[in-house]
**Student:** 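My questions will all concern the structure given below.
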Amino acid sequence: ALKFMLRSSLEAFVNHMCQSNKNFHSPKPIFSLELDFNHQHNEPAYTTNIENFEMEIIEVFKSRILTTHEIPQIDPYLVSQLKFDANLKLASIGMSDDEFQKQICKLQRRFRDCLLPLRKFAGEFCKLIELKNLNISKYIRSLKESDKTSEEMREEISHQMKLIEEIERSVPSTVVIGPFEVSVVAMRSDLIAKRKSLLESVIKMFKDEVKEKLEQINREFREISRKLTRKCEEVEDLMEIREYIPDIPYEVDQIQRKMKTASVDIDVLASFYIPLPDDISRIKFSSQKMPGKIQNKIEEITTKQLFEFEVFRKLQATHETKFLEKIELLAVDVEAYSVESNFDELSNISSGIEKLWETLNEMMTRGMLLNNRQRIFNQPEIDMERLAGLVSRLHPYQRLWTMASNFLELKRKWMVSPLLNINVEAVEAEIKRCESVLQDSRLHFSSSSSSTEMIVVIDKMSSVVEESVKVIEVLKDLKNPDFQHEHWSLLSDSTGISFENTSSTSFESLIAKGIMNFTDVVKNISAKATSEREAKETEEIEAERKRLEDVKLMKLKEARRAGRKDI
């Protein structure tokens with residue numbers, strides 16, 4: 001009875017597991033599986049290993065058989081006269097029973113038949129791995145760099161929408177294969193969300209491009225308006241606007257061409273019922289109104305300029321009068337400085353002449369500007385000969401006094417600077433420049449009988465330069481790079497001047513100690529230092545030459561000895 005009951009139960013269990021399965025579809029699935037992408041191996045996979053199902057079910061099947069092997073015999077009280085071994089058990093179906101083995105084979109075939117369609121179904125999602133791994137930011141960046149046309153962007157958006165519909169249509173939420181109900185809900189949701197996110201990014205990129213185009217159009221319109229309506233401080237500003245107005249229609253036409261391109265992009269979005277954000281709509285409407293506003297502004301500015309032109313014309317007459325009056329005042333100043341010859345007031349005279357010189361040059365520039373305006377107003381040009389004559393007359397004085405002031409300031413600086421910091425080459429170059437200016441000035445003022453006082457100034461300045469030449473010669477000897485500690489000691493012993501810290505000692509302090517009384521001593525010691533350095537270099541060269549000859553002779557001897565051994 002136990003055997004028949006167990007066989008019947010096992011058969012029912014196996015029949016339930018192996019119920020009818022037409023086209024791998026069972027109306028009553030037994031097991032639930034979930035299909036998703038394996039992040040480790042980057043492939044579609046079941047969250048439960050389908051390869052283990054066969055073994056697990058058969059183990060369950062066997063375990064049920066084994067439990068029947070623990071049923072004891074008939075209780076002794078039913079047959080009280082018989083004695084039973086306590087370890088005796090009822091015999092049911094053994095593990096090698098034919099029926100049992102038949103049912104196991106049936107289970108094995110059933111689960112093995114399911115493996116192939118389960119694998120094939122999972123394999124169908126391999127084509128979606130590329131979508132799963134797609135880097136949306138990189139895709140959008142590449143799309144933007146491709147600079148697609150409006151029609152190409154229409155196709156791109158349409159293509160993305162179709163791909164979303166394809167996933168929604170072709171990817172089921174669940175599918176039944178044999179006794180398995182496979183859930184694809186999570187994977188399907190993720191793929192659709194990825195596609196929608198990509199579509200949204202494409203649309204956002206396209207909207208941003210539309211906004212950027214509209215903003216650029218708006219900026220160009222505003223730039224035209226800014227140039228047209230800027231405040232005219234001078235008549236040149238007014239003339240610049242007047243000359244610019246004829247070019248505006250062409251510029252507006254070019255911008256409107258760009259507007260047409262942006263409108264095509266907007267139509268692409270409208271074809272998909274994608275609304276424009278408020279900020280883009282505002283920019284669009286503003287850009288569309290700008291050509292009309294600019295045209296109205298041109299008419300307004302043209303009328304306004306007639307009045308402003310007359311105002312500037314009257315103002316020009318006032319400027320002309322003030323300019324001529326200023327020339328007369330400057331003529332007085334030029335005359336005053338042309339008789340200045342007090343060398344003791346060098347700094348003040350130089351400063352005053354420099355300011356006057358700057359004013360004269362500014363007046364020359366101002367005069368050219370006024371004459372340009374005279375031509376604008378169809379008025380005769382201002383005579384600039386008087387001003388040019390003042391510039392020409394002051395120039396020799398400006399050159400001489402400025403040079404003298406600058407040189408004395410430079411001399412003061414290098415006299416108080418430490419010897420180490422003095423650039424002898426720069427000082428010599430400045431001395432040569434001063435000598436050139438003095439020579440030119442002497443030629444100029446010598447030809448004028450009224451400039452005797454300036455010859456005196458030139459002579460005084462020449463004395464300063466000649467003195468500086470003597471000083472710089474001593475300075476060059478003191479800065480001789482061949483000067484060593486022993487030479488400074490020798491110089492100190494010969495002159496009685498202390499040279500304790502040559503790096504911080506100034507030449508001014510050396511002059512105060514009487515260094516200029518020992519110029520020959522300084523020159524001789526400097527020459528001695530150079531000679532010693534040259535002699536040392538010669539000795540080193542000769543020593544090196546001798547060393548090389550010795551090495552060569554040694555190698556020759558070794559070669560000869562080696563030759564004798566070979567013989």
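What you see is a predicted model, and the numbers here were worked out from it, not measured in a lab.
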**Student:** Just checking, any donor-acceptor pair under 3.5 angstrom between side chains of Gln160 and Glu156?
**Tutor:** yes
**Student:** According to the side chain to side chain donor-acceptor pair (under 3.5 Å) rule, which pairs have a member within residues 463-475, sequence neighbours left out?
**Tutor:** none
**Student:** Is there side-chain contact between Val474 and Lys523, with heavy atoms separated by less than 4.5 Å?
**Tutor:** no
**Student:** Does NZ or CZ of Arg242 come closer than 6.0 Å to the centre of the six-membered ring of Phe309, within 45° of the ring's axis?
**Tutor:** yes
**Student:** Using the ring-ring contact (aromatic ring centres under 6.0 Å, His included) rule, collect all pairs that involve residues 261-299, keeping only residues at least two apart or in two chains.
**Tutor:** none
**Student:** Assess the side chains of Asn361 and Glu358: does a donor N or O sit below 3.5 Å from an acceptor N or O?
**Tutor:** no
**Student:** So for atom CD, which belongs to Glu152, do other residues, nucleotides or ligands contribute more than 12 heavy atoms lying within a distance under 6.0 Å?
**Tutor:** yes
**Student:** For Arg154 and Ser271, which I'm curious about, is there any donor-acceptor pair between the side chains at under 3.5 Å?
**Tutor:** yes
**Student:** Show, in sequence, the C-alpha distance, side-chain angles and deciding distance for Arg545 and Glu549, and conclude whether the salt bridge (charged side-chain N to carboxylate O under 4.0 Å, His left out) test is met.
**Tutor:** CA-CA 6 Å; Arg545 184 188 64 78; Glu549 287 182 354; 2.5 Å; yes
**Student:** With salt bridge (charged side-chain N to carboxylate O under 4.0 Å, His left out) as the test, would you mind laying out the steps for Glu240 and Arg230 before giving the verdict?
**Tutor:** CA-CA 11 Å; Glu240 186 177 338; Arg230 66 191 178 95; 2.9 Å; yes
**Student:** Assess the side chains of Glu220 and Gln216: does a donor N or O sit below 3.5 Å from an acceptor N or O?
**Tutor:** yes
**Student:** Is the backbone of Lys355 close enough, under 3.5 Å, to the side chain of Thr359 for a donor and an acceptor to pair up by distance?
**Tutor:** yes
